[in-house]
Amino acid sequence: MNYIYDIVLNFQDNYYNFFEWNREDKIKNIIKIPLYRVSDKDINILKNNIIKVSKEFINKIKIDNKNYKKLICLVSNTKISLGLLFNEEGYLIKRSSLIFDEEEECIEVSKKLPVTNIEYIENKKVEYQNKLRIEKEKKKKLINYIKDNNNSTILKYLYYDYYQKEPNDINEIKKSLLRELNKEWNIKQNNLYKTINMFSKIKN
């Protein structure tokens, strides 16, 4: 078994490149972590998809990583490297990119390893989106705010602010704004984000 020592990981729900890490992120320094070489196909699945792996693979991580409570490992296809965090059921719950020099170390070590085959119990494809983290997080906050908000005054204000016309039905306001948020990020969406931030600060 091959291990990587003293590595920095930043586990998030989605994969973000190292340059998108935030100061507020809970960055972890891992003393010792197992590294597996995987195929090009598997690295893309592990990087992007919603997956559940076999009990055998989870048990392998447990055995190789018995001194650490969480089910974590590194994978590399000799081109890129990822940090992975699983739960006991086998679901991949968080991912991490690696800082440049540590990723290079993983790539070099992985070239000497045999390929580990991973069996998937579930593998739901998620289309790759070439969007920056800040855009994804702003959009997610906007969507949740609109879905959870039942204040007709605020919703009507948001609608007018976006479309420059008077709204009527509250349900239609939500549907219409949520449809817009399915589109590519634009200045109008960004302005809407600033508005909900203003409302959030007033409420607090």
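If you're wondering where the values come from, they're calculated on a predicted model, not measured in any experiment.
- The ring of F11 has its center no closer than 6.0 angstrom to the ring center of Y16.
- Tracing side-chain contacts under 4.5 Å through hydrophobic residues (I, L, V, M, F, W, Y), one reaches M198 starting from L158; they form part of the same cluster.
- Inter-residue side-chain proximity for I7 and N29 is flagged as unmet; no heavy-atom pair is nearer than 4.5 Å.
- If you take NZ on K60 and CG on L71, they are separated by 14.0 Å, rounding to the nearest 0.5 Å.
- By the criterion of side-chain heavy atoms lying less than 4.5 angstrom apart, applied directly or through intervening Ile, Leu, Val, Met, Phe, Trp or Tyr residues, F57 is grouped together with I45 in one hydrophobic cluster.
- A cation-pi arrangement is not found for K32 relative to Y5, the charged atom failing to lie both closer than 6.0 Å to the ring centre and inside a 45° cone about the ring normal.
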Would you list the atom pairs, donor with acceptor, under 3.5 Å between side chains in residues 112-119 and any protein atom, with sequence neighbours excluded?
none

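- By the 30° and 60° cut-offs, the orientation of the rings of Y159 relative to Y163 is tilted.
- Remark: Q12 CD to L85 CG distance equals 11.0 Å, nearest 0.5 Å.
- Note that the CG atom of L46 and the CG atom of N77 stand 10.0 Å from one another [nearest 0.5 Å].
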- Mind running side-chain contact (heavy atoms from CB on, under 4.5 Å) on I80 and K47 for me, showing each step along the way? CA-CA 10 Å; I80 66 168; K47 183 179 177 183; 4.3 Å; yes
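- Counting heavy atoms from C-beta on, the side chains of V75 and D42 never come closer than 4.5 Å.
- Between N48 and Y15 the shortest side-chain heavy-atom distance does not fall below 4.5 Å.
- Counting heavy atoms from C-beta on, the side chains of Y162 and K188 come closer than 4.5 Å.
- Taken together through direct or relayed side-chain contacts under 4.5 Å among Ile, Leu, Val, Met, Phe, Trp and Tyr, I121 and I93 form parts of separate hydrophobic clusters.
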- Stepwise salt bridge (Lys or Arg N to Asp or Glu O under 4.0 Å) check, R179 with E172: CA-CA 10 Å; R179 274 198 302 269; E172 189 53 43; 3.3 Å; yes
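- Between the CG atom of L181 and the NZ atom of K147 there is a distance of 10.0 Å, given to the nearest 0.5 Å.
- Scanning both residues, R95 and D13, for their nearest heavy atoms gives NH1-O, 3.6 Å.
- Between S152 and I170, the shortest heavy-atom contact is CB-CD1, 3.5 Å.
- Looking at L74 and L84, their side chains never come closer than 4.5 Å, going by heavy atoms from C-beta outward.
- There is a side-chain donor-acceptor pair under 3.5 Å between D161 and T195.
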Please set out all donor-acceptor pairs under 3.5 angstrom arising from side-chain atoms of residues 100-108, sequence neighbours excluded.
{"unit_1": "E102", "atom_1": "OE1", "unit_2": "V8", "atom_2": "N", "d": "3.0"}
{"unit_1": "E103", "atom_1": "OE2", "unit_2": "S81", "atom_2": "N", "d": "2.8"}
{"unit_1": "E108", "atom_1": "OE2", "unit_2": "K111", "atom_2": "NZ", "d": "3.1"}

- Message: Could you walk me through whether Y120 and K52 satisfy the side-chain contact (heavy atoms from CB on, under 4.5 Å) test, starting with their C-alpha distance in whole Å, then the side-chain angles of each, then the deciding distance to 0.1 Å, before giving a yes or no?
- Response: CA-CA 6 Å; Y120 301 100; K52 179 181 179 180; over 6 Å; no
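- Note that the CG atom of N186 and the CG atom of N190 stand 8.5 Å from one another [nearest 0.5 Å].
- A donor-acceptor pair under 3.5 Å links the side-chain atoms of N149 to the main chain of N151, judged by distance alone.
- Side chains of N87 and Y91: no donor on one and acceptor on the other come within 3.5 Å.
- Side-chain atoms of F86 and K94, non-hydrogen and from C-beta on, never get closer than 4.5 Å to each other.
- The number of heavy atoms from other shown groups lying within 6.0 Å of NZ (K79) is above 12.
- Using modelled atom types and a 3.5 Å distance limit, the side chains of E166 and Y160 yield no donor-acceptor pair.
- Atom CD1 of residue I30 and atom SG of residue C73 lie 11.5 Å apart, to the nearest 0.5 angstrom.
- In summary, the side chains of K174 and N150 do present a donor paired with an acceptor at a separation below 3.5 Å, with no hydrogens or angles considered.
- Between F18 and S97 the shortest heavy-atom distance is N-OG, 3.2 Å.
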- Under the side-chain contact (heavy atoms from CB on, under 4.5 Å) rule, what do L35 and S76 come out as? Steps first, then yes or no, please. CA-CA 8 Å; L35 168 67; S76 180; 4.2 Å; yes
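- With hydrogens and angles left out, the side-chain atoms of Y36 and D64 include a donor and acceptor closer than 3.5 Å.
- Ion pairing between a basic and an acidic side chain is recognised when a charged N comes within 4.0 Å of a carboxylate O; K140 and E137 show no such pairing.
- Between the side chain of N65 and the main chain of Y68, no donor-acceptor pair closer than 3.5 Å is present.
- Side chain to side chain, K28 and N10 fail the donor-acceptor criterion of an N or O pair below 3.5 Å.
- The closest side-chain heavy-atom distance from I50 to E122 is not below 4.5 Å.
- Cluster annotation: W185 and I196 are assigned to the same hydrophobic cluster (Ile/Leu/Val/Met/Phe/Trp/Tyr, side-chain heavy-atom contacts under 4.5 Å, transitive).
- A pairwise comparison of heavy atoms in L98 and S96 identifies CD1-O, 3.9 Å as the closest pair.
- Hydrophobic clustering of Ile, Leu, Val, Met, Phe, Trp and Tyr side chains at less than 4.5 Å, counting indirect connections, unites I61 with V38.
- Here the shortest heavy-atom pairing between L155 and I146 reads CD2-O, 4.4 Å.
- At a threshold of 4.5 Å between non-hydrogen side-chain atoms, the residues L9 and I33 count as touching.
- Using a cutoff of 4.0 Å between basic side-chain nitrogens and carboxylate oxygens, E88 and K62 are scored as salt-bridged.
- Across Q189 and L142, no two heavy atoms sit closer than the pair O-CD1, 3.6 Å.
- Residues satisfying the ring-ring contact (aromatic ring centres under 6.0 Å, His included) criterion with Y157, sequence neighbours excluded, are F199.
- Judged by distance alone, with hydrogens and angles left aside, the side-chain atoms of N44 form no donor-acceptor pair with the main-chain N or O of K41 at under 3.5 Å.
- For I31, the CD1 atom sits in a packed shell: over 12 heavy atoms of surrounding residues, nucleotides or ligands are nearer than 6.0 Å.
- A salt bridge does not link E184 to K139: none of the charged side-chain nitrogens sits closer than 4.0 Å to a carboxylate oxygen.
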